[in-house]
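Report on the following structure.
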Amino acid sequence: MSSERPHFRFWPKGVARELYVPHATLPEYLDTAARRFPDKPAIVYCGSVTTYDHLKQQVDGLAAWLVEDAGVQPGDRVLLASQNCPQFVVAFYSILRARGVVVPVNPMSKAQEVRHYADDSGACVAFAAQELLEHFDGFERVVVHAYSQAVAADCPDELPDWVTRPLLPLTNPSHVGWAACCPPGDSQARAGGQQVAHPTDLAILPYTSGTTGRPKGCMHTHATVLASLAASSVWKGLNNDTVVLTVAPLFHMLGLQNGMNMPVFLGGTSVMLPRWNAALAARLIERHRVTAWTAPPAMILDLFSSPETGQRDISSLALVSGGAAAMPEAVARMMQERHGITYNEGYGLTETASFLQANPLQRGKRQCLGIPAPGVDTRIVDPETLVELAPGEVGELVTHAPQVMAGYWRNPDADRESFFERDGKRFFRTGDLASMDEEGYFFMRDRLKRMINTSGYKVWPAEVENMMYEHPAVHEACVVGVPDAKQGEAVKAFVVLKPGLRGELGEPELVAWARGHMAVYKAPRFVELLDALPKSATGKVQWRELQEAARAGAKP
């Protein structure tokens, strides 16, 4: 292969090809923003405003408590479990200020899962929202918060009960209320404010499930996280005037990086929702003149399908970007035609601190992973031999980049399976099947093990799903392979119809439509209508759950 990658012919003007990773730490960016913009809103949440100066004061005070009272030492891991709220941001940066390591936990995790994260990471201290306390037994200290502690008394929006519920009395001696750990006042002279981290220090340990086995911790340093932020901000043209809609869950790298760390990195503003609500999101975009939003396609689909959106002025929204799944062509076309917004699709993983590559803003392609970002070397290789493949061939996507994690936490076997050396570089195997066209743009085909083989023909579920979205009645679709005695596997589609159309269209009609709109071997032989597709907390469709149910002949 040529040493000059074809995508450089279409490289965005004004963007350097290589990336100089900031020699800094995440808390340093908070300090800089607080010094430059002390009175500027850092977080807007349920009617309340947290300025950068106030955010820094809270972080310094809580970091001091972690060191002096909780005994957190440099390198100690600390769990953090909560829905989106300002307390999540304060806890995150205070752990880093104390030179600890943040272990973000999905708030949907049950006690057994929390125990795995604690045991595997060695964490003894945790932050948890009060409704999650039942899953946090066995910790030396658990700092407890209620979302209502950050809600304004005159909040103009109707909020769910779980957000407005006050902090309940704490009876367990290991539980400490938020206010007791984060007192107001000057904390500069306290121990927490004196901790000095290094860019190569471990900063975040997010867990990822992968395809099999128990969740593995991804070791991210300040440097790997900042590499992703720096590349993303330059690529998207973001600056300190950027106002971000923060609704993707903060425990996940998509929300954590784009909704929380990016505004701090820029000195911008985060307009934060406790949980996804399309109507409320539309009102907040109008009220606070939101300019940028990164989210999974499912949320974007909901926003632009909401009647509320049509009644609001969302003209401030200049950039909508995302990943996790391909944006359906019909939805992307509607966003462009109705609102003048070009969806910027990108690609990233927990292992790459979210942003890895994306489409150039002025020359994007639909259902495309884009091109490698500054400093990124992405290739397509044969999954068996690891030999690089020619454009157009389908293989495994592998990458070398400054934002790639240092490795899996205490899991050398997983590291050996996931990394290899080539041309003096350390490449990470993503496990994703993709191809690269002649212009150097990458296209997802599917997870390495999700391909459907029907009568010797290879079917990529993502391609069939995109075709199903062309039907005017289809709201969501998920395609899986099911056993077939004659063909080996058959294609099955789980479909959710658009509101108001349920009962108006049957499964046989969708099967017939599909056979008329795609190659017969691709067209689903079976369609099952559902009220909703099962999704993870980050908005990804749980296709494995559907596939397992379909293969077992059970209802999902």
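Sequential numbering from 1 along the given sequence is applied to the chain's residues.
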Evaluate whether atom CZ of Arg17 has more than 12 neighbouring non-hydrogen atoms of other residues, nucleotides or ligands under 6.0 angstrom away. yes
Answer yes or no: is there an ion pair linking Lys498 with Glu476, defined by an N-O contact shorter than 4.0 Å? no
Any idea which heavy atoms bring Ala353 and Gln257 closest together, and the distance? O-NE2, 3.2 Å
Point-to-point distance, once rounded to the nearest 0.5 Å, from CD of Gln542 to CD of Gln547: 13.0 Å
Under a 4.0 Å threshold between the charged nitrogen and the carboxylate oxygen, would Asp241 count as salt-bridged to Arg289? no
Going by atom types alone, do His54 and Thr50 pair a side-chain donor with an acceptor below 3.5 Å? no
Using 30° and 60° as the class limits, which term best fits the ring planes of Phe88 and Phe92: parallel, tilted or perpendicular? parallel
Answer with yes or no whether the side chains of Ser435 and Glu393 bring together a donor and an acceptor at under 3.5 Å. no
Flag the pair Gln367 / Asn466 as yes when at least one side-chain heavy-atom distance between them is below 4.5 Å, and no otherwise. yes
Does Gln403 reach the main-chain N or O of Phe355 with its side chain, forming a donor-acceptor pair under 3.5 Å? yes
State whether a side-chain donor-acceptor pair under 3.5 Å links Thr291 with Ser316. no
Distance col, row Leu529:CG vs Leu510:CG, nearest 0.5 angstrom, shows 6.0 Å
Is there side-chain contact between Gln87 and Ser82, with at least one heavy-atom pair below 4.5 Å? no
What is the distance from atom NZ of Lys56 to atom OG1 of Thr32, rounded to the nearest 0.5 Å? 9.5 Å
Of the non-hydrogen atoms in Ala550 and Val482, which two are nearest, and what is the gap between them? CB-CG1, 3.5 Å
Within the 4.5 Å heavy-atom criterion, are Ile314 and Phe304 side-chain neighbours or not? yes
With sequence neighbours left out, the residues meeting ring pair (Phe, Tyr, Trp, His ring centres under 6.0 Å) with Trp276 are Trp293
Does Thr246 reach the side chain of Val271, with side-chain heavy atoms less than 4.5 Å apart? no
Is the distance between the ring centroids of Tyr147 and His145 under 6.0 Å? yes
Rounded to the nearest 0.5 angstrom, the NZ-NE2 distance for Lys522 and His517 is 14.0 Å
With rounding to the nearest 0.5 angstrom, report the CG to CZ distance, Asn240 to Phe265. 12.0 Å
Closest heavy-atom pair and its distance - Val479, Pro461: O-CB, 3.4 Å
Going by an N to O cut-off under 4.0 Å, is there a salt bridge joining Lys365 and Asp437? yes
dist Leu132:CG -> Gln83:CD (nearest 0.5 Å) comes out at 7.0 Å
Tell me the closest heavy-atom pair linking Ser148 and Thr164, and the distance in Å. CB-O, 3.5 Å
Whether Thr352 side chain and Gly348 backbone form a donor-acceptor pair below 3.5 Å: no
Contact between Pro86 and Val89 at the side-chain level, heavy atoms closer than 4.5 Å - yes or no? no
Answer yes or no: does atom OH of Tyr20 have more than 12 heavy-atom neighbours from other residues, nucleotides or ligands under 6.0 Å? no
Would one find more than 12 heavy atoms of other residues, nucleotides or ligands at under 6.0 Å from atom CZ of Arg333? yes
Nearest atoms (heavy-atom pairs only) where Thr309 meets Ala282: OG1-CB, 3.8 Å
Any salt bridge linking Glu308 with Arg312? Criterion: basic side-chain nitrogen under 4.0 Å from a carboxylate oxygen. yes
Hydrogens and angles aside, do Gln336 and Thr342 bring a side-chain donor and acceptor to less than 3.5 Å of each other? yes
Applying side-chain hydrogen bond (donor to acceptor under 3.5 Å, both in side chains) to Asn261 and Tyr93, what does each step give before you reach the verdict? CA-CA 10 Å; Asn261 285 335; Tyr93 278 89; 2.7 Å; yes
Basic-acidic side-chain contact under 4.0 Å: Glu439, Arg9: no
Could you check, using the six-membered ring where one of them is a Trp, whether Phe428 and His400 have ring centers closer than 6.0 angstrom? no
Quick one, Leu273 and Tyr45 - any side-chain contact, counting heavy atoms below 4.5 Å? no
Got a donor-acceptor contact below 3.5 angstrom from the Asn344 side chain to the Ala358 backbone? no
Can you find a side-chain donor-acceptor pair between Ser354 and Ser228 that sits under 3.5 Å? no
Non-hydrogen side-chain atoms of Met260 and Ser270 separated by less than 4.5 Å: no
Flag the pair Leu530 / Leu546 as yes when at least one side-chain heavy-atom distance between them is below 4.5 Å, and no otherwise. yes
Assess the side chains of Ser315 and Asp313: does a donor N or O sit below 3.5 Å from an acceptor N or O? yes
Is the backbone N or O of Pro41 less than 3.5 Å from a side-chain atom of Thr269, with the two atoms forming a donor-acceptor pair by type? yes
Does a donor on one side chain sit under 3.5 Å from an acceptor on the other, for Arg363 and Tyr441? yes
Please determine whether a side-chain nitrogen of the Lys or Arg among Glu507 and Arg525 lies less than 4.0 Å from a carboxylate oxygen of the Asp or Glu. no
Just by distance, with hydrogens left out, do Trp11 and His7 show a side-chain donor and acceptor under 3.5 Å apart? no
Main-chain N/O of Leu26 paired to His222 side chain as donor or acceptor, under 3.5 Å: yes
